[in-house]
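Reading through the structure tokens given below for one structure.
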Amino acid sequence: PASHVTALRFTSDGSTLVSSGMDTAVKLWSVEDDWELTTSLEAHEKSVNDFDLSPDQQTLVTVSTDKLMGGFFFPPCASLHPKDHRCGVT
């Protein structure tokens, strides 16, 4: 599988590096914990071309060569898709 990085950005507080890549995922790396991979969001079926965080750092939006946009709460707990209940929110 392809693993090239397509975009990198730090969160506004500098504690997390967010990366996207050709492996279909958006990954979060903890700066404070020696660059430990803390989360891998399987965002798309094809390469994640880019992403952005909202100004309030509450939403992560992705775009992909699969011609779709994705949205996630940030820090990630559950995607914005109404059928996604990975977070266990009641």
Side-chain angles (χ1 to χ4, degrees):
S3 61
H4 298 344
V5 173
T6 57
L8 291 169
R9 288 189 191 80
F10 284 96
T11 54
S12 61
D13 65 3
S15 67
T16 303
L17 177 67
V18 184
S19 68
S20 63
M22 295 181 72
D23 63 355
T24 73
V26 174
K27 297 178 180 176
L28 283 70
W29 307 86
S30 174
V31 174
E32 298 167 350
D33 292 323
D34 203 24
W35 301 102
E36 177 183 350
L37 176 63
T38 59
T39 305
S40 181
L41 301 168
E42 297 302 320
H44 292 276
E45 292 182 14
K46 294 186 178 180
S47 172
V48 180
N49 296 341
D50 203 1
F51 66 88
D52 206 357
L53 286 164
S54 62
D56 65 2
Q57 304 282 289
Q58 298 294 305
T59 305
L60 175 84
V61 178
T62 60
V63 293
S64 169
T65 54
D66 61 15
K67 300 180 183 177
L68 297 173
M69 290 176 53
F72 297 87
F73 295 117
F74 194 86
C77 184
S79 76
L80 297 177
H81 192 280
K83 293 183 180 178
D84 190 341
H85 302 288
R86 292 175 294 154
C87 200
V89 176
T90 58

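Nothing fancy with the numbering, it's 1 onward along the sequence. The structure displayed is predicted, hence computed values, not measured ones.
One distance of note links CD of Glu45 with OG1 of Thr65; it measures 10.5 Å at 0.5 Å rounding. Here the CZ atom belonging to Arg9 is positioned 12.5 Å from the OG1 atom belonging to Thr11, to the nearest 0.5 angstrom. From Asp23, atom CG reaches atom CD of Glu42 across 7.0 Å, with rounding to the nearest 0.5 Å. In this structure, CG on Leu41 lies 11.5 Å from OG on Ser20, to the nearest 0.5 angstrom. Rounded to the nearest 0.5 Å, atoms CG (Leu28) and CG (Leu60) are 7.5 Å apart.
In the displayed structure, Asp34 atom CG is contacted under 6.0 Å by at most 12 heavy atoms of other residues, nucleotides or ligands.
Closest non-hydrogen pair, Asn49 versus Ala7, comes out as O-CB, 4.5 Å. In plain terms, the two heavy atoms of Ser47 and Ser64 that are nearest each other are O-OG, 2.7 Å.
Under the 4.5 Å side-chain heavy-atom criterion for Ile, Leu, Val, Met, Phe, Trp and Tyr, Val18 and Trp35 are members of distinct hydrophobic clusters. Taking hydrophobic clusters as Ile, Leu, Val, Met, Phe, Trp and Tyr residues chained together by side-chain heavy-atom distances below 4.5 Å, Val5 shares a cluster with Leu37. Phe10 and Val48 end up in different hydrophobic clusters when Ile, Leu, Val, Met, Phe, Trp and Tyr side chains are linked at under 4.5 Å. The hydrophobic clustering, which links ILVMFWY residues whose side-chain heavy atoms are closer than 4.5 Å, places Leu17 and Phe51 apart.
The main-chain N or O of Ser30 is never found under 3.5 Å from a side-chain atom of Thr38 such that the two would form a donor-acceptor pair.
His44 places a side-chain heavy atom less than 4.5 Å from the side chain of Thr62. Side-chain contact between Ser15 and Val31: absent, with no pair of heavy atoms (C-beta onward) separated by less than 4.5 Å.
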